[in-house]
Amino acid sequence: MVGGCVRDILLGKKPKDFDVTTNATPEQVKELFRNCRLIGRRFRLAHVVFGREIIEVATFRGHHPSQDDNAEEQNLSKQSDHGQLLRDNVFGSIEEDAERRDFTVNAMYYNIADFSIHDFAQGMQAVKNREISMIGDPATRYREDPVRMLRAVRFAVKLGMKISPETAKPMYELAPLMANIPPARLFEEVLKLLLSGQGLETYKLLNEFNLFEQLFPQLGPLLKTQNSRELAFIEQVLMNTDNRINSDMKVTPAFIFAALLWYPLEERCQQHMVEGGLNHFDAFNLALSDVLHRQIQRIMIPKRFTITVREIWQLQQRLPKRYGRRALQMLEHPKFRAAYDFLLIRAQIEGGELLTLAQWWTDFQNVDPEERQTMMKALREKEGGGPKRRSRYRGKKKATE
Ligand code: ATP
Ligand code: MG
């Protein structure tokens, strides 16, 4: 066994999963286990499946012969012009395998035959020093795989360790290499970063290395400001998410993406109104597509989540409009709860009218049906909306939706 499980046990933590490594090739593993499937292109692996449990089995990796094009010809090794490893399927010895791993704490092997730990990269020392330290030359290793920068931050937060100065230094400069990572891989990584239960702390550390703006380019200008309400909103959302995860409550990635992109959306919407002369409704809908489209260039958010992101945003426009049957219909909307939670956080940060609105929705959910009627009547009287106004709204709704 290798990697995270050995590290976590040495740190007194419960491993999330167990990675197995062997000198058998994936094909040989498949011959041994009927319940085995081979996966991966960039990094070929065997998955041995026991019911809902999957044991990931990797063959020892070796060095990539730089002068010799043989490996590339055989489709085993491939490197981009930036030094990025596009394929890593050259097999080797256990010592070579250790050198190809990312951090010293992740390169310890536990031999189940004799219960010994093989530490080829001074991982034990790093555990004692509580230090994340790259194996080999950090800059070269980040160029080979820029995701290692995200992993350094993730492990530092998760394990409560420091990133060693040599390992930290090249990150500031190399952060833009994140643009070369396939957006689908970044989606997976971002979930691990933000849905770990320590999302706020992870976000702050990513930001220190200018890595967060690489993941969310539209937040670039905002992240350079200080003490803005926009930043307070992001931090509040991440804090709430952490609290929910740590109390075993459900979270959807869509909520986080909706929150992170909320201010870019508002800004874009303003731009369409001022420069394009659009009304708010059209500007908002156009901006919503723009902002999502730009984001998925960097992080491939699956469609099932972008649909929810759109709904949460669109419901923010509908929550203030409570006339007629709208308020009651809103309660039935499958995404009402998410939209309401979103409104609560906006209100908490922005105050003012949003607070009144959020309180109204809180009350409206808590009272019985009769009182709901009273609340709606009070609203009509207060805002001077009568039957005439109501029908006008209905007409508008048809025209625009
Ligand atoms: P956790 O599963 O708790 O997130 P882990 O260390 O097990 O942490 P995995 O992503 O499961 O992380 O990877 C297993 C091991 O494979 C790592 O411990 C490391 O040795 C190696 N590894 C994973 N990704 C990389 C990478 N990008 N570059 C080099 N080695 C890697
Ligand atoms: Mg693991």
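Values in this document were obtained by computation on a predicted structure and should not be read as measured data. Numbering of ligands and ligand atoms starts at 1, following listing order. All values below come from the heavy atoms of this structure, side chains included, with hydrogens, waters and symmetry mates left out.
- Less than 4.0 angstrom separates some heavy atom of Arg148 from each of these atoms of ligand 1: 26 (C), 27 (N), 28 (N), 29 (C).
- Contact of the Arg44 side chain with the Ile39 side chain is not registered, since no non-hydrogen atoms from C-beta on lie closer than 4.5 Å.
- Salt bridge present: Asp102 and Arg151 bring a charged side-chain N and a carboxylate O closer than 4.0 Å.
- Between Lys192 and ligand 1, no N or O atom pair is found at a separation short of 3.5 Å.
- Ring-centre distance between Phe91 and Phe60: not below the 6.0 Å cut-off.
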As a quick check of understanding, evaluate side-chain hydrogen bond (donor to acceptor under 3.5 Å, both in side chains) for His333 and Gln329, giving each step before the final call. CA-CA 7 Å; His333 194 288; Gln329 283 167 351; over 6 Å; no
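- Phe216 and Phe257 have tilted rings, their planes meeting at an angle from 30° to 60° on a 0 to 90° scale.
- Taking a 4.0 Å cut-off on heavy atoms, Phe103 fails to register as neighbouring ligand 1.
- Under the salt bridge (charged side-chain N to carboxylate O under 4.0 Å, His left out) test applied with Glu144, the options Arg61, Arg101, Arg100 reduce to a single match, Arg100.
- Closest protein heavy atom to atom 19 (C) of ligand 1: Asp102 OD1, 3.4 Å.
- Contacts with ligand 1 closer than 4.0 Å are made by side-chain heavy atoms of Asp145 only, the backbone lying farther away.
- Looking at Lys204 and Glu208, no side-chain N of the basic residue comes within less than 4.0 Å of a carboxylate O on the acidic one, giving no salt bridge.
- Looking at Arg141 next to ligand 1, no N or O pair under 3.5 Å apart turns up.
- Contact check on Asp137 versus Arg141 returns no salt bridge, with no Lys/Arg side-chain nitrogen under 4.0 Å from an Asp/Glu carboxylate oxygen.
- When each atom of ligand 1 is checked for a heavy atom of Asp19 under 4.0 Å away, the hits are 7 (O), 11 (O), 14 (C).
- Heavy-atom proximity to atom 8 (O) of ligand 1, evaluated over Arg100, Lys158, Arg7, Arg185, is greatest for Arg7.
- A salt bridge is absent between Arg372 and Asp368: the closest approach of a Lys/Arg side-chain nitrogen to an acidic carboxylate oxygen does not fall below 4.0 angstrom.
- Applying the 4.0 Å criterion to heavy atoms of Lys16 picks out, from ligand 1, the atoms 1 (P), 2 (O), 3 (O), 4 (O).
- Protein N/O/S atoms found under 2.8 Å from the Mg ion (ligand 2): Asp17 OD1, Asp19 OD2.
- Ring-centre distance between Phe233 and Phe342: below the 6.0 Å cut-off.
- For the pair Arg268 and Tyr263, the cation-pi test (distance below 6.0 Å, angle within 45°) is failed.
- Relative ring orientation between Phe364 and Trp361 is described as perpendicular, the plane-to-plane angle rising above 60° on a 0-90° scale split at 30° and 60°.
- Within the 4.5 Å cutoff, side-chain heavy atoms of Thr167 are placed close to those of Tyr142.
- Nearest-heavy-atom check against atom 12 (O) of ligand 1 across Glu189, Arg151, Glu188 picks out Arg151.
- For ligand 1, the atoms sitting less than 4.0 Å from at least one non-hydrogen atom of Asp17 are 2 (O), numbered in the order shown with element in parentheses.
- Of the protein's non-hydrogen atoms, Arg101 NH1, 3.1 Å is the one closest to atom 16 (O) of ligand 1.
- With ligand atoms numbered from 1 in the order given, ligand 1 contributes 18 (O) to contacts under 4.0 Å with heavy atoms of Gly3.
- For ligand 1, the atoms sitting less than 4.0 Å from at least one non-hydrogen atom of Arg154 are 4 (O), numbered in the order shown with element in parentheses.
- Taking the six-membered ring for Trp and thresholds of 30 and 60 degrees, Phe33 and Phe50 have ring planes more than 60 degrees apart, a perpendicular arrangement.
- Of all the heavy atoms of Val147, none lies under 4.0 Å from any atom of ligand 1, so neither backbone nor side chain is involved.
- Listed by number with element, the atoms of ligand 1 under 4.0 Å from a non-hydrogen atom of Gly4 are 5 (P), 6 (O), 7 (O), 18 (O).
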